Each structure stands twice: as C-alpha cells, then as structure tokens.
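Every value quoted in this text rests on a predicted model; they were computed, and no experiment measured them. Order of the sequence lines fixes the chain letters, A, B, ..., with proteins taken first and strands second; residue numbering starts at 1 for each chain.
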Number of protein chains: 2
Amino acid sequence: MSENFTPDSSLQQQMETFEETCRTADLKLTHQRLEIYRELAKATDHPSAEMLHKRLQKTMPTLSLDTVYRTLTTFEQHHLVKKVQTVDSQARFEAQMVQHHHLICDSCKEIMDFHWNSFDSTPLPADIRQWGTIRNKNVTIHGTCQKCQALKKVKKRT
Amino acid sequence: MSENFTPDSSLQQQMETFEETCRTADLKLTHQRLEIYRELAKATDHPSAEMLHKRLQKTMPTLSLDTVYRTLTTFEQHHLVKKVQTVDSQARFEAQMVQHHHLICDSCKEIMDFHWNSFDSTPLPADIRQWGTIRNKNVTIHGTCQKCQALKKVKKRT
DNA sequence: GCTCACAGTAAGAATTATTCTTATTTGCAT
DNA sequence: ATGCAAATAAGAATAATTCTTACTGTGAGC
C-alpha cells in the first residue's frame with residue numbers, strides 16, 4: 001500500500017481532538033456522541049447513518065436511528081464530520097477532515113480516500129477563480145474496484 | 001466570458017442527436033420525452049426533477065412528476081443525461097455529456113459547468129490507477145458565487 | 001457530592017423525495 | 001388505418017430523513 005492511501009492520524013488522537021472541539025463548541029459529551037463519532041472515525045468505508053446505527057446497536061441496543069441522524073447533523077455543523085456526495089439516495093459520512101479525494105466503485109458503492117498533493121497545489125484556471133470565493137476543490141473518481149472486477153470475471157465464466 | 005465556460009453545441013444539434021439516440025435505442029419519441037429533454041438541455045442550472053416539472057407544467061399542465069422522474073431515469077440508463085451528485089436531498093440533472101467539471105455555490109446551490117483541459121489530460125498518480133478500472137475523474141469546487149457574496153455584503157450593512 | 005436548568009435522547013409520527021401499481025393512452029411497425 | 005407493446009397519469013406506496021413530545025442525563029454552580 002503506497003503513500004497516497006496512508007491514514008492521517010491515530011484514532012486516539014482523533015478522539016482527543018473531538019472532545020476538545022466539543023468542549024469549545026459547548027456540545028455536551030454524551031455517550032451517544034462519543035460512540036457515534038468513534039464508530040465513524042474508525043470506519044474507512046464512509047458509512048451511511050443506517051450503517052452506523054446497525055453497527056452501534058450491537059453495543060448500544062437502545063440507540064435510535066434518529067439520534068444518529070441528529071448527531072451527525074450536529075457534527076457536520078461543527079465541522080467534525082462531512083457528508084459525502086453520492087448519486088445514491090442514502091447520504092454517506094466521514095470523519096476525515098484533512099484534504100483528500102474519493103474513489104467510488106460504481107458496482108459495490110465503496111468509497112475510498114486518497115491523497116493527491118500535486119493536484120492540491122495546482123492553481124485553478126484564472127477565469128474560474130473569478131466565479132467567486134472558492135472553499136475547496138475535490139476530485140471524485142468513478143470506476144470499478146479490483147474486487148468487483150474479479151467478481152465480474154467469475155460471473156462471466158458461469 | 002472566457003473559453004472555459006463556452007457551451008459545446010447548439011440546442012438544435014443536441015435535439016437531433018437525442019432523437020437519433022432514441023431511435024437507435026428503441027425509445028419511443030413521445031411528446032413528454034422530447035419536452036423533458038429539451039427543457040433539461042436548454043437549462044444551465046442543473047435542475048432537479050421537481051424544478052423541471054414545474055417549468056414544463058406551464059406548457060404541459062397534465063405532465064406528472066412521476067413521468068419526469070421515470071423519463072430522467074430512462075435517459076440516464078441510455079447515457080442521455082447524468083445525475084449530478086450533491087450533498088442535498090434532491091437529485092439534480094444535466095444533459096451535458098461532454099467531459100466537464102462543476103462549481104457549486106453552497107449558498108444558492110447553483111451548479112455551474114466549467115472545462116479544465118489541462119486537468120483532464122493529467123494522468124492520475126500511479127498507485128491510484130491500481131485501485132481498479134477508472135471510468136472518469138471529475139473536479140467539484142465548492143464556494144460562494146459572486147452574486148451571493150454581493151448579497152452577503154448588503155445584509156451585513158443592514 | 002448535590003441540585004437544577006436545559007441540552008440531548010428515544011419512540012413514534014410526520015415530511016420529503018422517489019418509485020410502484022393500475023388503468024388508460026400513444027407511437028409506430030405493419 | 002389497425003394492433004399492440006411501450007409509455008403515461010393519477011394516486012398509492014416506500015425509503016430516507018426530520019419533527020414532536022415527554023423523558024433523561026450532563027455538567028455548571030454551589
């Protein structure tokens with residue numbers, strides 16, 4: 001696995017930053033918030049609210065789906081998580097706030113992060129910069145991941 | 001307005017290509033399909049199904065919203081239109097199939113096309129290419145358009 | 001350590017976007 | 001022109017997300 005896929009910080013470190021941000025933002029550190037954030041932070045597959053809820057129910061059986069949605073929305077407002085844009089109906093989320101880009105497999109819908117420093121430092125065409133104030137620029141790559149390609153080949157044979 | 005924002009083909013030309021594609025794909029050229037496609041093709045704001053429906057109801061009062069959704073889905077399957085990914089709940093559509101990128105205003109939600117040839121011809125980092133088969137790579141820029149910036153300034157003063 | 005105000009939660013109802021069902025209509029090959 | 005498969009309209013149904021309400025737990029101030 002190469003440089004471009006390396007994660008940016010340890011979970012421990014990320015949890016501390018999270019708690020710090022909550023305190024500063026006057027967000028109460030509830031059990032639910034901590035667990036929802038931890039679950040999202042440790043996930044690499046950009047889960048939907050429903051997926052997170054399903055994973056957390058194992059250890060928190062009374063956790064409601066609504067709380068997951070509400071909490072994610074709160075986190076988003078405080079720039080602790082991001083909603084990932086997809087063409088599918090369910091929204092997907094990530095706790096990775098460091099500049100990065102996405103590889104999306106159109107077959108299994110998996111979303112993977114990658115870094116591309118040379119792109120990040122390339123200036124935009126001059127006339128685009130006149131459009132307004134630019135907040136960020138991101139690359140989204142669509143295709144079929146290795147795993148799904150392999151599956152397709154097997155299916156063809158049978 | 002500069003090179004990067006130039007449209008790619010006239011509406012007339014685009015309608016002819018559309019009709020040709022429908023005939024080849026055994027899609028009946030119904031009044032609804034023609035009008036929905038024309039409305040989307042002439043739009044530059046990447047409308048949602050609902051927005052298209054509203055615009056078309058003026059001339060086609062009995063057109064159902066379901067037909068708009070169903071027709072757009074059919075078009076998408078035949079690569080006549082594309083669903084544009086946004087973080088918002090309503091899907092947005094475009095008839096522009098030539099390679100291009102998007103500027104999204106987070107304030108008014110307007111989506112604008114732009115071209116960036118030097119990016120299009122830049123190869124991806126080698127290890128990304130190993131992820132699988134890449135179908136396309138697109139840049140999405142988020143920010144605030146000039147219009148909304150101007151509005152914000154007015155609001156601050158009052 | 002205790003108390004209390006209020007932010008946060010669970011559960012279920014409500015809303016919004018999209019899709020399905022069914023009866024009717026229409027494009028187009030013959 | 002005729003027949004028929006495909007497409008449509010209307011309203012019902014579903015899926016994703018958000019709201020309402022009553023209850024609970026956090027953490028600031030004592």
Side-chain angles (χ1 to χ4, degrees), chain A residues 18-40 46-54 56-78 80-93 109, chain B residues 18-40 46-54 56-78 80-93 109:
Chain A
F18 167 74
E19 293 183 23
E20 180 54 33
T21 307
C22 282
R23 273 189 291 268
T24 310
D26 265 316
L27 291 179
K28 288 185 182 169
L29 280 171
T30 65
H31 183 49
Q32 289 88 337
R33 284 182 176 166
L34 277 163
E35 291 313 308
I36 291 170
Y37 186 83
R38 190 197 315 281
E39 193 68 38
L40 183 58
H46 306 72
S48 64
E50 208 184 358
M51 287 154 84
L52 278 174
H53 180 239
K54 201 167 282 172
L56 288 162
Q57 269 198 318
K58 285 165 195 160
T59 50
M60 307 170 71
T62 69
L63 179 72
S64 76
L65 178 57
D66 179 63
T67 296
V68 178
Y69 274 112
R70 192 165 16 75
T71 303
L72 288 172
T73 305
T74 305
F75 288 171
E76 206 193 353
Q77 284 159 354
H78 290 274
L80 284 162
V81 311
K82 263 191 202 156
K83 210 182 254 189
V84 178
Q85 45 184 57
T86 70
V87 292
D88 303 299
S89 47
Q90 272 195 326
R92 308 271 295 260
F93 296 87
K109 310 292 175 190
Chain B
F18 168 73
E19 292 184 23
E20 180 55 34
T21 307
C22 283
R23 273 189 291 270
T24 311
D26 266 316
L27 289 179
K28 288 185 182 169
L29 279 171
T30 65
H31 181 50
Q32 289 87 337
R33 284 182 175 165
L34 278 163
E35 291 312 309
I36 291 170
Y37 186 83
R38 190 197 316 279
E39 194 68 38
L40 183 58
H46 305 70
S48 66
E50 207 185 356
M51 287 155 84
L52 277 175
H53 181 240
K54 201 167 282 174
L56 287 162
Q57 267 197 322
K58 285 166 196 162
T59 50
M60 305 171 72
T62 69
L63 179 74
S64 77
L65 178 57
D66 178 63
T67 296
V68 178
Y69 273 111
R70 191 166 16 76
T71 302
L72 287 172
T73 305
T74 306
F75 288 171
E76 205 192 354
Q77 283 160 354
H78 290 274
L80 283 161
V81 310
K82 264 192 201 155
K83 213 183 250 189
V84 178
Q85 43 185 59
T86 69
V87 291
D88 303 300
S89 48
Q90 274 195 326
R92 308 271 296 257
F93 296 86
K109 309 294 176 188

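- If you measure from atom CG of B/L65 to atom P of C/dT21, you get 18 Å, rounded to the nearest angstrom.
- Take B/K109 and apply the side-chain contact (heavy atoms from CB on, under 4.5 Å) test, not counting sequence neighbours, and it matches B/D88, B/R92.
- With sequence neighbours excluded, no residue forms a side-chain hydrogen bond (donor to acceptor under 3.5 Å, both in side chains) with B/T86.
- B/H53 has its NE2 atom 17 Å from the P atom of C/dT16, to the nearest Å.
- Atom pair B/F93:CZ and C/dA17:C1' shows a separation of 11 Å (rounding to whole Å applied).
- Scanning for side-chain hydrogen bond (donor to acceptor under 3.5 Å, both in side chains) contacts around A/E39 gives an empty result, with sequence neighbours left out.
- Heavy-atom distances to DNA chain D give each of A/H31 and A/T73 a nearest nucleotide, and the one nearer the 5′ end belongs to A/T73.
- Checked against side-chain contact (heavy atoms from CB on, under 4.5 Å), A/K83 has the following partners two or more places apart in sequence or in another chain: A/E76, A/A91, A/F93, B/V87.
- Applying the side-chain hydrogen bond (donor to acceptor under 3.5 Å, both in side chains) criterion to A/E50, with sequence neighbours excluded, gives A/Q90.
- In this structure, CD of B/Q77 is placed 14 Å from P of D/dA6, rounded to the nearest angstrom.
- Classification of the A/Y37-A/F75 ring pair by plane angle, with boundaries at 30° and 60°, yields perpendicular.
- The nearest whole Å value for the distance from the CD atom in B/E19 to the P atom in C/dG27 is 13 Å.
- Nearest nucleotide to the side chain of A/T71, out of C/dT9, C/dT18, D/dA9: C/dT9.
- Axis angle across the helix from C/dG1-D/dC30 to C/dT30-D/dA1, with five pairs used at each end and values rounded to 10°: 40°.
- Legend: residues meeting side-chain contact (heavy atoms from CB on, under 4.5 Å) with A/Q57, ordered by chain and number and at least two apart, are A/H53.
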Between the protein and nucleotides 28-30 of chain C, list every N/O to N/O distance that falls short of 3.5 Å.
unit_1: C/dC28; atom_1: OP1; unit_2: B/L29; atom_2: N; d: 3.0

Using atom types as modelled, flag every donor-acceptor pair under 3.5 Å from a side chain in residues 27-36 of chain B to any protein atom, sequence neighbours excluded.
unit_1: B/T30; atom_1: OG1; unit_2: B/R33; atom_2: N; d: 3.1
unit_1: B/R33; atom_1: NH1; unit_2: B/K28; atom_2: O; d: 3.0
unit_1: B/E35; atom_1: OE2; unit_2: B/R38; atom_2: NH2; d: 3.3

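- Atom pair B/D88:CG and D/dT17:P shows a separation of 12 Å (rounding to whole Å applied).
- Taken from CG in A/L52 to CG in A/L65, the straight-line distance is 10.0 Å, to the nearest 0.5 Å.
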N/O to N/O distances under 3.5 Å, protein versus nucleotides 10-16 of chain D:
unit_1: D/dA10; atom_1: OP2; unit_2: B/T62; atom_2: O; d: 3.3
unit_1: D/dA10; atom_1: N6; unit_2: B/D66; atom_2: OD2; d: 3.4

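- Legend: residues meeting ring-ring contact (aromatic ring centres under 6.0 Å, His included) with B/Y69, ordered by chain and number and at least two apart, are absent.
- Listed by chain and residue number, B/Q77 satisfy the side-chain contact (heavy atoms from CB on, under 4.5 Å) test with B/T73 (two or more places apart in sequence, or in another chain).
- Remark: C1' of C/dT26 and CD of B/Q32 are 9 Å apart, rounded to the nearest angstrom.
- D/dT8 atom P lies 10 Å from atom CG of B/L34, rounded to whole Å.
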